[in-house]
J.: 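One structure, pasted below without further comment.
Only this structure's heavy atoms are used, side chains among them; waters, hydrogens and symmetry mates stay out.
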Amino acid sequence: QQHLLQTRRDEADRALALLSIARAELARTGVLSADDLTRLTQETRMTKTMNGGDWIQTMQPIFDRHFTPNEQEAFKARNFSFAQEEVSRTWDALISEGRVLQAKGDPSSPEAADLARRWMDQVRLFTGDDPAIIAKSARVNMEALADPKAAQAMPFDMSLMQFVSEAYKAAGGGQTP
């Protein structure tokens, strides 16, 4: 617990320093570069998440409606083979980048297409590139986002999912599930 709290404190200190730098840059020039805005978004993202027990209590019924017990076991086994901190950082970066690009409003831009391809690469990685599992995972996300309690803990919202889907389609990747 001490290590976790120290890590959170360090992250908050770093975020506060970046905010100070961004405010100074805005006062000096009146603008932030896209790179500065992306970095600021990535480093200062604050989300309200559920603890493990609450997450399981909220999400397990949704998973149970969409995945068989065998599929759930296979999914867990596959995901345990990955470095979870790296996975979290990758998704956090993709989600932050997605929010920045979504704010720009052009899902057909080359940057949005690149993001969508990398997003779907991550989806394929964790679903074993099984189209049925990808589709079920999408349905879990959709159902969770429609549930107010589950939605508050999700790291993204429906509008970001739609933006990534539009970007993927515009990039020639077809429909996302």
J.: Are any of the side-chain heavy atoms of M120 and V164 separated by less than 4.5 Å?
T.: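 Side chain of M120 against side chain of V164, heavy atoms only: no contact under 4.5 Å found.
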J.: List the atom of A150, the atom of A144, and the distance in Å for their closest heavy-atom pair.
T.: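 Taking A150 first and A144 second, the nearest heavy atoms are CB-O, 3.5 Å.
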J.: Using side chain to side chain contact (heavy atoms under 4.5 Å, CB included) as the criterion, point out the one residue from H66, Q60, R65 that pairs with F63.
T.: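 Of all the options given, the one that passes is Q60.
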J.: So which atom in P107 and which in A112 form the shortest heavy-atom distance, rounded to 0.1 Å?
T.: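 For P107 versus A112, the nearest heavy atoms are O-CB, 3.5 Å.
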J.: K149 and T58: which non-hydrogen atoms are nearest, and at how many Å?
T.: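 In this case the closest contact between K149 and T58 is CE-OG1, 3.4 Å.
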J.: Nearest 0.5 Å please: distance from the CG atom of N141 over to the CG atom of D157.
T.: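 Rounded to the nearest 0.5 Å, the CG-CG separation comes out at 12.0 Å.
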J.: Do the side chains of D121 and R117 get close enough for a salt bridge, i.e. N-O under 4.0 angstrom?
T.: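 A salt bridge is absent here (no side-chain N lies under 4.0 Å from a carboxylate O).
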J.: Under a plain distance cut-off of 3.5 Å, with no hydrogens placed, do Q102 and S159 share a side-chain donor-acceptor pair?
T.: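 S159 vs Q102: donor-acceptor pair found between side chains.
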J.: Return the CG to CG distance between L115 and L160, rounded to the nearest 0.5 Å.
T.: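 L115 atom CG to L160 atom CG measures 7.5 Å (nearest 0.5 Å).
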J.: To the nearest 0.5 Å, tell me how far D147 CG sits from M59 CE.
T.: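 It comes to 8.5 Å.
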J.: Determine whether V140 and F67 satisfy the following criterion, side-chain contact (heavy atoms from CB on, under 4.5 Å), listing intermediate values before the conclusion.
T.: CA-CA 9 Å; V140 165; F67 291 104; 3.6 Å; yes
J.: Does the pair V100 and E97 meet the rule for a side-chain contact (heavy atoms from CB on, under 4.5 Å), with working shown?
T.: CA-CA 5 Å; V100 170; E97 183 180 346; 5.8 Å; no
J.: For a side-chain contact (heavy atoms from CB on, under 4.5 Å) check, start with the C-alpha distance between I134 and D129, then their side-chain angles and the critical distance, and finish with the verdict.
T.: CA-CA 7 Å; I134 292 171; D129 201 18; 4.1 Å; yes
J.: Take atom CZ in R23; do more than 12 heavy atoms of anything else shown fall under 6.0 Å from it?
T.: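 No.
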J.: Rounded to the nearest 0.5 Å, how far does CZ of R99 lie from CZ of F156?
T.: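 Rounded to the nearest 0.5 Å, the CZ-CZ separation comes to 10.0 Å.
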J.: Enter the distance from Q72:CD to D64:CG here, rounded to the nearest 0.5 Å.
T.: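 So the gap between those two atoms works out to 5.0 Å.
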J.: For the pair S165 (side chain) and M161 (backbone), establish whether a donor and an acceptor sit closer than 3.5 Å, ignoring hydrogens and angles.
T.: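 Checked: no pair found.
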J.: Hey, what do you get for CZ (R118) to OG1 (T90), rounding to the nearest 0.5 Å?
T.: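 Answer rounded to 0.5 Å: 10.0 Å.
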